[in-house]
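Single-structure report; data block below.
Proteins get letters first, then strands, A, B, ... in listed order; numbering begins at 1 in each. This is a predicted model, so every value here is computed, not measured.
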Protein chains: 2
Amino acid sequence: MNTLLDAFSALSDPTRFTIVEQLMDQGELPAGDLARGKGMSGAAISRHLKVLRQAGLVNQRVNGTQRIYSIRPEGLRAIAEWTISKRQFWEASLDRLGDILQEDPTWPT
Amino acid sequence: MNTLLDAFSALSDPTRFTIVEQLMDQGELPAGDLARGKGMSGAAISRHLKVLRQAGLVNQRVNGTQRIYSIRPEGLRAIAEWTISKRQFWEASLDRLGDILQEDPTWPT
DNA sequence: CCGTTGATTAACATGAATGTTAAACAATGA
DNA sequence: TCATTGTTTAACATTCATGTTAATCAACGG
């Protein structure tokens, strides 16, 4: 559960959230690319990446002088499983479960 | 998406997270009961509840002098929908999707 | 009307978070 | 070997978060 709170905390920062989304969209990226992408010092990004790593949300791979980051699926599962375990609460706001299928056609039926 | 970050932020605090879980377990509860349950001043709990309300995660109902709080399903849906939309990433860490069914037999197949 | 109860807001202290620049460090290539 | 590049860590300033107690406010019951 501590893992879960760390994940929530890590994702609650806009910079870190967009890093995660960028890694999801573009696959693995070196720290430098992420820093350039957001108008922010490399030092700041480096520490954000450390927070994400400690929360278990990203992996770091070494390639020469580069540190290449990618999504760590196990980290996201903490959130996914909590969400699933509480499904009855957010489903309660749907008149019909079918509504969500409209939003996400890949949702398992 | 701002709603989503507010929800993550709200849930990243241990006191607020347990308030949410307590409301899920026990249904609606007055602020005073929540304060007594955690050894903390009513003032602190009141502000935590305000954060949860502003994040859209709980509802407030007035009953005489009491403020009775309950889960707000719409708020949880922001997290649920983000999680679902990123499903491919956390499913990637499963050898077989069936694994999760073992953890949660009610998961839709 | 007054005192009590339940709850929130105000004022304050303190520790955590986040950005910057400068320093440190490792890998690479001339 | 030495300069360059990529990244992280250190030191610092500033803002944000969170707890406490005291003050405020509304509802109730005598």
Side-chain angles (χ1 to χ4, degrees), chain A residues 1-23 26-72, chain B residues 1-23 26-72:
Chain A
M1 187 207 95
N2 216 5
T3 308
L4 179 57
L5 263 57
D6 287 344
F8 284 147
S9 178
L11 292 173
S12 70
D13 177 85
T15 301
R16 288 192 293 265
F17 184 82
T18 60
I19 286 175
V20 166
E21 295 237 301
Q22 198 176 343
L23 291 175
Q26 308 178 25
E28 59 179 17
L29 288 170
D33 285 19
L34 290 164
R36 270 180 295 279
K38 331 205 171 307
M40 199 176 289
S41 71
I45 295 294
S46 181
R47 263 185 321 174
H48 279 305
L49 288 168
K50 187 177 190 177
V51 171
L52 288 170
R53 221 177 327 127
Q54 288 174 338
L57 292 170
V58 303
N59 284 314
Q60 188 199 55
R61 173 169 77 81
V62 177
N63 180 274
T65 86
Q66 293 187 118
R67 301 301 133 92
I68 299 180
Y69 288 87
S70 56
I71 292 295
R72 181 167 175 272
Chain B
M1 186 206 93
N2 217 4
T3 308
L4 179 55
L5 263 57
D6 287 343
F8 283 149
S9 180
L11 291 173
S12 69
D13 177 84
T15 301
R16 289 191 293 264
F17 185 81
T18 60
I19 287 175
V20 167
E21 295 238 302
Q22 198 177 344
L23 290 175
Q26 306 178 25
E28 60 179 16
L29 288 170
D33 286 19
L34 290 164
R36 270 179 294 276
K38 333 208 170 309
M40 198 176 288
S41 70
I45 295 294
S46 182
R47 263 186 322 178
H48 279 305
L49 288 167
K50 187 177 189 177
V51 172
L52 288 170
R53 219 176 330 129
Q54 286 174 338
L57 292 170
V58 303
N59 283 314
Q60 189 199 56
R61 173 169 78 79
V62 177
N63 180 276
T65 88
Q66 293 187 118
R67 301 299 132 94
I68 299 181
Y69 288 88
S70 56
I71 293 296
R72 181 167 175 273

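Atom CG of D13(A) is separated from atom C1' of dG19(C) by 11 Å (rounded to the nearest Å). Atom-to-atom, CD1 of I68(B) to C1' of dA27(D) comes out at 14 Å; the value is rounded to the nearest Å. Straight-line distance from the CZ atom of R67(B) to the P atom of dC25(D): 14 Å, rounded to whole Å. The separation between K38(B) atom NZ and dT18(D) atom C1' is 16 Å, rounded to whole Å. One interatomic measurement links the two molecules: CD of Q66(A) to P of dT7(D), which rounds to 5 Å at whole-angstrom precision. Protein atom CG of N63(B) is 13 Å distant from nucleotide atom P of dG6(C), rounded to whole Å. Atom-to-atom, CG of L34(A) to P of dT8(D) comes out at 10 Å; the value is rounded to the nearest Å. Separating the CG atom of L52(B) from the P atom of dT8(C) is a distance of 12 Å, rounded to the nearest angstrom.
Out of dT9(C), dG6(D), dA7(C), the shortest distance to the side chain of T65(A) is found at dG6(D). The side chain of S41(A) lies closest to dT20(C), out of dT8(C), dT8(D), dT20(C). Ranking dA22(D), dT18(C), dT8(D) by closeness to the A43(B) side chain, first place goes to dA22(D). Here the side chain of T15(B) is nearest to one of dG19(D), dT20(C), dC28(D), namely dG19(D). Side-chain atoms of M40(B) lie closest to dG19(D) of the nucleotides dG19(D), dT20(C), dT8(D).
Across every non-hydrogen atom of V20(A) and L52(A), the tightest pair is CG2-CD2, 3.8 Å.
Using a 4.0 Å heavy-atom distance criterion, G42(B) is classed as a base contact. Among the protein residues, A44(A) comes within range of the nucleic acid bases, having at least one heavy atom under 4.0 Å from a base atom. A35(A) comes within 4.0 angstrom of nothing in the nucleic acid, heavy atoms only. Within the nucleic acid shown, R36(B) has no heavy atom closer than 4.0 Å to any nucleic acid atom.
A sub-4.0 Å separation between OP1 or OP2 of dT8(D) and a side-chain N or O of S46(A) is present. Distances shown here put every side-chain N or O of K50(B) at or beyond 4.0 Å from the OP1 or OP2 atom of dA7(C). Contact annotation: R47(B) does not reach the phosphate of dA7(C) (side-chain N/O to OP1 or OP2, under 4.0 Å). For H48(A) and dA17(C), the shortest distance from a side-chain N or O to OP1 or OP2 is not below 4.0 Å. Between Q60(A) and dT8(D), a side-chain N or O to OP1/OP2 separation shorter than 4.0 Å is present. At dG6(D), none of the side-chain N or O atoms of Y69(A) fall inside 4.0 Å of OP1 or OP2 (strictly under the cut-off).
Annotation: the span from I71(A) atom CD1 to Q26(A) atom CD amounts to 11.5 Å, rounded to 0.5 Å.
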